[in-house]
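Beneath this line is the structure, given in structure tokens, with notes to follow.
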Amino acid sequence: MNMFEEFAWRGMVSEATDGVREALGAERVTAYIGFDPTASSLHIGNLLTVMGLARLQRFGHTPIAIVGGGTGMIGDPSGKSQERNLLSPEQIAVNVAGVRAQLERFLDFETAPNAAKIVNNADWLGTIDVLSFLRDIGKHFTVGYMLQKESVSRRLESADGISYTEFSYLVLQAYDFLQLFDRHGCTLQMGGSDQWGNITAGIELIRKVRAKKAHGLVWPLMKTAAGTKFGKTEAGTIWLDPALTSEYRFYQFWLNTDDRDVANYLKVFTWLDRAAIDGLGRALAEAPAAREAQRTLARAVTLMVHGPDGLALAERETAAQFGGGDDADIPAIVLAASDFAEGMATTDFMVAVSLAPSKSEAARTIKQGGFYVNDTRVTDERGKVTLADVIDGRIKARKGQRERRIVRIS
RNA sequence: GGGCAGGUGGCGGAGCGGUCAAUCGCAACAGACUGUAAAUCUGUCGCCCCAGUGGCUACGAAGGUUCGAAUCCUUCCCUGCCCA
């Protein structure tokens with residue numbers, strides 16, 4: 001099975017240029033994917049992209065990750081309904097460094113002959129002057145062509161419009177492809193299907209100025225069965241950086257995967273082969289409550305992202321949170337005993353342990369019967385938490401069925 | 001530069017002088033059910049308190065009219081469409 005077929009069965013081919021399949025089967029290809037440095041950490045939406053590069057490398061091809069230090073200054077209109085806020089150059093520099101460090105965990109940058117590379121498009125976008133850019137690159141794009149791009153046309157039809165800045169993005173990304181073609185012999189660009197327009201623009205540019213054929217391959221945008229955006233939860237984005245999303249939360253995200261999505265996720269986010277994934281699909285159909293498939297998914301992805309120690313941490317905390325484990329494995333919040341000398345208002349307590357964003361909300365949760373101290377439902381929203389609630393130096397607090405906190409009193 | 005239409009809560013979108021902290025949908029939160037799933041049903045969904053026919057802040061910004069303004073007027077900022 002060549003790489004294209006592998007991608008196809010994993011559901012990672014949405015559109016591809018003619019000849020990609022043959023090219024990937026016959027030769028050693030250099031391919032790239034872009035990463036937007038909009039944050040200092042990658043999130044699980046990017047993980048899909050990272051896996052694309054990692055798979056590419058395993059098939060003997062050479063992956064290039066391009067960190068968009070230049071294009072990040074502009075903002076890609078694809079898939080965005082509104083103009084983006086521009087980040088400062090300093091912030092982008094910080095983000096580029098963070099993203100680069102994370103990528104190094106997934107790709108092999110050492111082993112020849114197909115070691116991965118990371119490049120920053122600020123290297124060429126930051127140095128080209130306006131006149132050269134307009135003459136040498138801009139000349140190859142007609143406005144009509146650009147207007148036809150879905151990313152542009154949709155924004156034109158929206159109430160917000162599109163600025164000249166974002167309108168130009170397409171050309172910048174096309175120029176990236178040309179640069180990588182010239183510098184690294186890169187002939188394939190991959191990405192999510194929202195990138196198709198940008199990718200084909202690059203292919204066109206290479207054809208026009210170098211008279212060479214380049215390729216594109218995009219996968220479908222990941223959606224959840226429930227129709228929500230993949231990778232977002234109530235708590236926000238799931239980041240790869242454990243400082244932003246703990247190993248436990250990361251693991252839990254995968255464990256809570258909808259039955260209908262789990263097979264797709266296994267294909268995309270793990271290295272498991274077809275037989276293993278089919279087997280897990282059967283297990284899920286026969287014993288859905290066991291959630292064997294979800295468990296395998298959560299273990300595999302957590303191991304890959306956070307390593308064996310991170311996985312162990314996540315599993316210990318899971319055991320503690322959902323029975324059977326030791327409470328000591330749940331990170332405790334420390335509050336001073338003096339705060340409780342005269343009792344702390346329950347609503348203040350909830351805010352202090354971040355189980356409620358405001359006292360009003362805390363009071364509401366209590367009224368609705370959603371707050372528990374030491375597993376006993378609290379009924380008085382104007383009551384207090386006192387030292388009498390401390391058991392073995394700790395207070396257990398819980399909102400709803402799943403949000404738990406261990407508070408250590410010192 | 002001219003004309004027209006707009007800027008309302010996380011999003012979409014009502015309201016167009018008092019009864020508006022603001023209809024409704026989505027998202028979210030709690031409860032029931034359950035498999036830490038989905039679907040469904042119920043409740044909630046600006047902040048604060050001494051919890052009330054309570055206080056405060058908020059309908060792009062700043063002023064003004066009025067007993068009273070998200071709603072009227074003025075200026076400014078921003079967006080879309082059309083014309084130049």
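Keep in mind that the numbers below use all heavy atoms, side chains included, and drop hydrogens, waters and symmetry copies. The chains referred to below are lettered A, B, ... by the order of the sequence lines, with proteins before strands, and numbering in each begins at 1.
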**OP:** Choose from B:U36, B:G35, B:A32 the nucleotide whose nearest atom is closest to any side-chain atom of A:Gln252.
**Re:** B:U36

Original post:
Tell me: CH2 of A:Trp254 to P of B:G35, nearest whole Å?
Top reply: 25 Å

Original post:
With respect to A:Gln294, which candidate in A:Asn256, A:Leu266, A:Asp259 satisfies the side chain to side chain contact (heavy atoms under 4.5 Å, CB included) definition?
Top reply: A:Asp259

Subject >> Spacing of the P atoms in B:C47 and B:A30 (rounded, Å) >> reply: 15 Å

Original post:
Checking all strands, does A:Arg398 fall into the base, sugar-phosphate, or nothing category for heavy-atom contacts under 4.0 angstrom?
Top reply: nothing

**OP:** Would you please indicate yes or no on a ring centroid separation below 6.0 angstrom for A:Phe250 and A:Trp239?
**Re:** no

Subject >> Side chain of A:Gln401 - closest among B:U36, B:G31, B:A51 >> reply: B:G31

Subject >> Backbone of A:Asp108 reached by a side-chain donor or acceptor of A:Gln57 within 3.5 Å >> reply: yes

Original post:
Does B:G12 have a Watson-Crick or wobble mate here (both distances under 3.5 Å), and if so which one?
Top reply: B:C24

Original post:
On a whole-Å scale, what distance lies between the P atoms belonging to B:U71 and B:A58?
Top reply: 13 Å

Subject >> Any strand: nucleotide that pairs with B:C4 via Watson-Crick or wobble, under 3.5 Å >> reply: B:G80

Original post:
Do you see a donor-acceptor pair shorter than 3.5 Å between the side chains of A:Asp129 and A:Ser132?
Top reply: yes

**OP:** May I ask you to decide whether A:Glu104 forms a salt bridge with A:Arg100, counting only side-chain N to carboxylate O separations under 4.0 Å?
**Re:** no

Original post:
Which comes earlier along RNA chain B counting from the 5' end, the contact point of A:Glu381 or that of A:Asp258, where each point is its nearest nucleotide?
Top reply: A:Asp258

Subject >> Between B:C29 (P) and A:Leu355 (CG): distance, integer Å >> reply: 13 Å

Subject >> Among A:Met3, A:Met190, A:His215, side chain to side chain contact (heavy atoms under 4.5 Å, CB included) partner for A:Val20 >> reply: A:His215

Subject >> Spacing between A:Asp261 atom CG and B:A37 atom P, to the nearest angstrom >> reply: 14 Å

Original post:
Quick one: which of B:C47, B:A37, B:A51 gets closest to the side chain of A:Arg364?
Top reply: B:C47

**OP:** Counting Watson-Crick and G-U wobble pairs only, both distances under 3.5 Å, name the nucleotide matched with B:G63, or none.
**Re:** B:C73

Original post:
Say you pick atom C1' in B:C72 and the same atom in B:G12; how far apart are they, in whole Å?
Top reply: 28 Å

**OP:** Would you classify A:Tyr372 as touching base, sugar-phosphate or nothing, given that sugar-phosphate means primed atoms plus P, OP1 and OP2, and contacts are heavy atoms under 4.0 Å?
**Re:** sugar-phosphate

Original post:
Looking at B:G35, B:C29, B:U36, which one has an atom nearest to any side-chain atom of A:Lys399?
Top reply: B:C29

Subject >> Nearest-angstrom distance from the residue atom CD1 of A:Ile162 to P of B:U79 >> reply: 14 Å

Original post:
The side chain of A:Lys359 lies closest to which of these nucleotides: B:G35, B:C49, B:A37?
Top reply: B:C49

Original post:
To the nearest angstrom, how far is A:Met350 atom CE from B:C47 atom P?
Top reply: 13 Å

Original post:
Between A:Glu204 and A:Lys149, is there a side-chain N and carboxylate O pair less than 4.0 Å apart?
Top reply: no

Subject >> Pairwise C1' distance, B:G68 and B:C33 [rounded to whole Å] >> reply: 49 Å

**OP:** Just name whichever nucleotide pairs with B:U36, Watson-Crick or G-U, keeping both distances under 3.5 Å, else none.
**Re:** none

Original post:
Is A:Thr365 near enough to B:C29 that one of its side-chain N or O atoms lies under 4.0 angstrom from OP1 or OP2?
Top reply: no

Subject >> Atom-to-atom span, CD of A:Glu403 to P of B:A28 - whole angstrom >> reply: 14 Å

Subject >> Earlier contact from the 5' end, RNA chain B, for A:Thr318 and A:Glu361 >> reply: A:Thr318

Original post:
When the P atoms of B:A22 and B:A5 are considered, how many whole Å apart are they?
Top reply: 30 Å

Original post:
Once you round it to whole Å, what is the distance between P of B:C50 and CZ of A:Arg382?
Top reply: 6 Å

Original post:
Would a 4.5 Å heavy-atom cut-off, applied to side chains only, mark A:Leu311 and A:Arg299 as touching?
Top reply: yes

Original post:
Considering only the P atoms, how many Å lie between B:U79 and B:C67, rounded to the nearest integer?
Top reply: 38 Å

Original post:
Of the nucleotides B:A38, B:G35, B:C29, which has the atom closest to the A:Gln368 side chain?
Top reply: B:C29

**OP:** Determine the contact category for A:Ser358: base if any of its heavy atoms lies under 4.0 Å from a base atom, sugar-phosphate if only primed atoms, P, OP1 or OP2 are that close, otherwise nothing.
**Re:** sugar-phosphate

Subject >> Integer-rounded Å distance: B:A39 C1' and A:Arg260 CZ >> reply: 8 Å

Subject >> Proximal nucleotide (of B:G31, B:A38, B:A51) relative to the A:Lys367 side chain >> reply: B:A51

Original post:
Which nucleotide, in any strand shown, forms a Watson-Crick or G-U wobble pair with B:C56, with both distances under 3.5 Å?
Top reply: B:G46

Subject >> Distance, C1' atom - from B:G9 to B:C45, rounded to whole angstrom >> reply: 11 Å

Subject >> C1' spacing across the pair B:G17 / B:C73, given as an integer number of angstrom >> reply: 13 Å

Original post:
Taking the side chain of A:Arg291 as heavy atoms from C-beta outward, which of B:A51, B:G35, B:A30 is closest to it?
Top reply: B:G35

